[in-house]
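Below is one structure, written out as C-alpha cells, with a few remarks after it.
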Amino acid sequence: MEFFDYYEKLFGDRWPALLDSLKGESCFETLQFGEGLEPYYLDKASVFAAKALGVEPGMDVLDMCAAPGGKSLIIASMLQGQGSLQCNDRSPDRRERLKHVLENSLPKDWRSIISVSGYDGVKFGLHRKESFDRILLDAPCSSDRHVLNSPAHLEVWSAKRIKRLSVEQGSLLASAIDALHPGGTLVYGTCALSPLENDGVVSRILKKRPEACAVEIADIPEGADRTEFGVHILPDRTNGSGPIYCAKIKKESRPTGL
C-alpha cells in the first residue's frame with residue numbers, strides 16, 4: 001500500500017522497527033490535578049511538547065488548536081490561575097470534548113482564567129496581532145499512528161494529503177507568529193512522521209517571517225532525534241512515546257531606541 005511504501009522510503013532500515021512500535025501501545029503519563037478531578041492520560045511526548053513552551057504564571061497564552069485538551073491542562077497547570085489562557089478549536093464537536101476536559105480535570109481557580117473559542121486559527125494573526133506571550137500550535141496533521149491502526153483511514157491515505165496539510169499548517173504557523181508578542185515564544189507541533197509537515201513547514205514560514213527564528217529545545221527525551229529546527233520523538237527509540245514533532249520559535253523583540 002502507498003502508506004507503507006512512502007514511509008519505508010523515508011525511514012529506510014529504521015522503518016520495520018518503527019512500524020512495529022507504531023502498532024504497539026503508547027506510553028502515557030497520568031495528569032491528575034486534585035482529588036475528585038478526572039485524570040487525563042496524555043502521551044509522554046505530548047507532555048514534553050507542552051512543557052517546552054516555557055509558560056510562567058501571569059502570561060497571556062493561546063492554545064490555537066486545543067482539542068481534545070491534554071496540552072491545555074499542562075499549560076493551565078503552569079499558569080496556576082494567573083494570567084490568561086485562550087483554548088481555541090474550530091470544530092464544534094472537538095470543542096465540546098475540550099470543554100469537558102477543562103471543566104472536569106482542572107481546579108476551579110485554575111479554570112477562572114480560561115476562555116474557549118471556536119475561531120479559524122488563521123484569523124488570529126489578523127485580529128489578535130501581537131497579543132500573546134506564548135502560543136502552542138498543535139497543528140492538524142496526518143496523524144500517522146492513528147491512520148496505521150484504522151483500516152478505513154489507511155485505505156484512503158495519500159501523499160497528496162500530506163502536501164495539502166502542510167499548506168494549512170504553514171498558514172496556521174504564520175498566523176501564530178503574527179499573533180505573538182515581540183519577544184514571545186511559540187511551539188509548533190504535530191504527531192506526523194513526514195518532514196513535509198514538520199521541519200518543512202517551519203523552514204518555509206521562517207523565510208516568510210524573518211522576525212522569527214527557531215531556538216534549540218534543551219533536555220530532550222532520551223532517544224529523541226534532533227532535526228534541523230526541532231525535535232522528533234518516535235516510539236521505536238523512546239519506549240512507545242510519540243510520534244511527536246515540536247519546534248520552538250522565538251519572535252524578536254523590537255529595539256527600544258538609543
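Residues: numbered from 1 along the sequence shown.
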*Go through the steps for Leu148 and Phe3 under the test side-chain contact (heavy atoms from CB on, under 4.5 Å), then give the verdict.*
CA-CA 8 Å; Leu148 180 61; Phe3 178 95; 3.9 Å; yes
Donor-acceptor pair, distance only, cut-off 3.5 Å: does the side chain of [X] make one with the backbone of [Y]?
X      : Y      : answer
Asp43  : Gly242 : yes
Glu29  : Leu31  : no
Ser105 : Glu38  : yes
Ser171 : Gln169 : no
His100 : Arg95  : no
Arg226 : Ile217 : yes
Lys250 : Gly184 : no

Please check if any side-chain donor atom of [X] sits under 3.5 Å from a side-chain acceptor atom of [Y], or the reverse.
X      : Y      : value
Asp144 : Ser142 : yes
Tyr6   : Ser194 : yes
Ser150 : His153 : yes

Close side-chain approach of [X] and [Y], heavy atoms under 4.5 Å:
X      : Y      : result
Phe4   : Leu154 : yes
Leu186 : Phe132 : no
Leu98  : Cys87  : yes
Glu130 : Leu180 : no
Pro195 : Tyr245 : no
Phe11  : Leu234 : yes
Phe28  : Lys44  : no

_Candidate pair Arg90 and Glu168, rule salt bridge (Lys or Arg N to Asp or Glu O under 4.0 Å), full reasoning_ = CA-CA 14 Å; Arg90 68 183 180 185; Glu168 179 182 356; 2.8 Å; yes
[X] side, atom [atom1]; [Y] side, atom [atom2] - distance, nearest 0.5 Å:
X      : Y      : atom1 : atom2 : value
Glu96  : Ser91  : CD    : OG    : 9.5 Å
Ile249 : Ile205 : CD1   : CD1   : 9.0 Å
Leu42  : Thr30  : CG    : OG1   : 10.0 Å
Arg161 : Ser166 : CZ    : OG    : 11.5 Å
Tyr188 : Phe229 : OH    : CZ    : 12.5 Å

*Quick one: do Arg94 and Asp89 make a salt bridge, cutoff under 4.0 Å?*
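Answer for the salt bridge query: yes.
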*Identify whether the distance between the nearest side-chain nitrogen and carboxylate oxygen of Arg14 and Asp225 falls below 4.0 Å.*
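Salt bridge between Arg14 and Asp225, a charged N being under 4.0 Å from a carboxylate O: yes.
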*Pick one: which of Leu106, Val101, Ile74 meets side chain to side chain contact (heavy atoms under 4.5 Å, CB included) with Tyr40?*
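Looking at Leu106, Val101, Ile74, the match for Tyr40 under the side chain to side chain contact (heavy atoms under 4.5 Å, CB included) is Val101.
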*Given Pro243, which of Ser21, Cys141, Pro235, Ser143 fulfils the side chain to side chain contact (heavy atoms under 4.5 Å, CB included) condition?*
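With Pro243 as partner, Ser21, Cys141, Pro235, Ser143 yield a single side chain to side chain contact (heavy atoms under 4.5 Å, CB included), made by Pro235.
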*What pairs meet the side chain to side chain donor-acceptor pair (under 3.5 Å) rule with one or both residues in residues 73-88, with sequence neighbours excluded?*
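Every pair satisfying side chain to side chain donor-acceptor pair (under 3.5 Å) with a residue in residues 73-88: Asp60-Ser84, Gln86-Ser117, Gln86-Arg128, Asn88-Ser117.
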*Please walk me through it: do Asp63 and Lys71 pass salt bridge (Lys or Arg N to Asp or Glu O under 4.0 Å)?*
CA-CA 8 Å; Asp63 191 349; Lys71 295 185 182 71; over 6 Å; no
_Using the rule given for salt bridge (Lys or Arg N to Asp or Glu O under 4.0 Å), can you reason through Lys251 versus Asp178, listing the C-alpha separation, both sets of side-chain angles and the distance that settles it, and then say yes or no?_
CA-CA 9 Å; Lys251 189 172 185 177; Asp178 292 345; 5.3 Å; no
*Can Val116 be reached from Tyr119 by stepping across I, L, V, M, F, W or Y side chains whose heavy atoms are under 4.5 Å apart?*
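Not linked; separate clusters.
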*Are Leu137 and Val187 close enough, and set up right, to give a side-chain contact (heavy atoms from CB on, under 4.5 Å), and what steps lead you there?*
CA-CA 6 Å; Leu137 171 54; Val187 166; over 6 Å; no
